[in-house]
Amino acid sequence: MGISAMQLPSLFVFRSSLLPIKGTLENATIYITTHTSKSRYNIFGHESSSQKARLIFYLSEHKKKFALQRNIGDSYEYQFYETIKLKLNHADEITVWIHQQDIDSWEPEIFQLDTDNTPIIDFNSKKREDNSVMLFIFLAGLGCVILSGLLFYKTIYVNKAGFIFI
């Protein structure tokens, strides 16, 4: 599952700040969309495409849209969401755990999903997935800061001192 810059603050959400929204399933639908992009660096003009599966569902008692999204690559295999949809359809009660700040949001981010008190998507597994992406972004940013600092130091301070770099 991908992560966007808007989702980065969600990495710092704790279980104690989540609110349960309970209800019964009104509707659940799976959409598969194709996203294509043409790289400006590719001299052959090749377009790359990937498939995204999106499970959207609504609870009868709440005026909210709940959505899960996952990049499924070049395939149309979305068995993961088919399994979740089947569990939602057979559940007597669905609990969606969202952040306190998203309580008034039309489409809040889902941190945990339970059917009949059994987790389908667990808070800890979602956090592990998001944390690996956050670690990569943090290390890439740190590397850029260190590299630019070294280049700045090399051009301003060391060249004034008369050192020659090869």
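Keep in mind that the numbers below use all heavy atoms, side chains included, and drop hydrogens, waters and symmetry copies.
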* Asked: Hey, mind stepping through Ile110 and Phe57 against side-chain contact (heavy atoms from CB on, under 4.5 Å) and telling me if it holds?
  -> CA-CA 12 Å; Ile110 299 172; Phe57 64 96; 4.0 Å; yes

* **Chi angles and distances behind the side-chain contact (heavy atoms from CB on, under 4.5 Å) call for Trp97, Asp114** => CA-CA 8 Å; Trp97 294 83; Asp114 303 341; 3.0 Å; yes

* **Heavy-atom closest contact (Phe66 atom, Pro108 atom, distance)** => CE2-CG, 3.8 Å

* To do: Grab the two heavy atoms, one from Pro20 and one from Thr95, that are nearest each other, plus how far apart they are.
  => CB-CG2, 3.7 Å

* To do: Check Gln112 against Asp122 and note the closest heavy-atom contact, atom names and distance.
  => OE1-OD1, 3.6 Å

* Would Trp106 and Ile56 show up in the same hydrophobic cluster when neighbours are defined by side-chain heavy atoms closer than 4.5 Å? -> yes

* Asked: Quick one: salt bridge (charged side-chain N to carboxylate O under 4.0 Å, His left out) pairs with a partner in residues 84-97, sequence neighbours left out?
  -> none

* Structure fact -> Here the gap from His99 atom NE2 to Ser105 atom OG, rounded to the nearest 0.5 Å, amounts to 12.5 Å

* Asked: Can you tell me how far the CD1 atom of Ile120 sits from the OG1 atom of Thr83, to the nearest 0.5 Å?
  -> 9.5 Å

* So if you build clusters from Ile, Leu, Val, Met, Phe, Trp, Tyr with side-chain heavy-atom gaps below 4.5 Å, do Ile94 and Phe80 land together? -> yes

* Asked: In Å, rounded to the nearest 0.5 Å, how long is the span from OH of Tyr81 to CD1 of Ile30?
  -> 9.0 Å

* **Counterpart residues, side-chain contact (heavy atoms from CB on, under 4.5 Å), relative to Thr118 (two or more places apart)** => none

* Residues which pass side-chain contact (heavy atoms from CB on, under 4.5 Å) with Ile103, listed by chain and number, not counting sequence neighbours -> Leu19, Ile21, Ile98

* Sequence neighbours excluded, every pair satisfying salt bridge (charged side-chain N to carboxylate O under 4.0 Å, His left out) that has a member inside residues 95-105 -> none

* To do: Take atom CD of Gln101 as the centre, draw a 6.0 Å sphere, and report whether it contains more than 12 heavy atoms from other residues, nucleotides or ligands.
  => no

* To do: List for me each residue that meets side-chain contact (heavy atoms from CB on, under 4.5 Å) alongside Asn27, sequence neighbours excluded, and say none if there are none.
  => Thr29, Tyr58

* Is Leu68 reachable from Ile32 through a run of I, L, V, M, F, W or Y residues, each pair having side-chain heavy atoms under 4.5 Å apart? -> yes

* Quick one: do the Thr24 and Glu61 side chains pair a donor with an acceptor below 3.5 Å? -> yes

* Residues that Glu107 engages under salt bridge (charged side-chain N to carboxylate O under 4.0 Å, His left out), provided they are two or more places apart -> Arg54, Lys65

* Asked: Does the side chain of Lys52 reach to within under 4.5 Å of the side chain of Gln69, using non-hydrogen atoms?
  -> yes

* When rounded to the nearest 0.5 angstrom, what is the spacing between CG in Asn89 and CD1 in Ile84? -> 12.0 Å

* For the student: nearest non-hydrogen atoms of Ala28 and Leu55, plus distance -> CB-CD1, 4.4 Å

* Asked: Do side-chain atoms of His62 reach the backbone of Lys22 as a donor and acceptor pair under 3.5 angstrom?
  -> yes

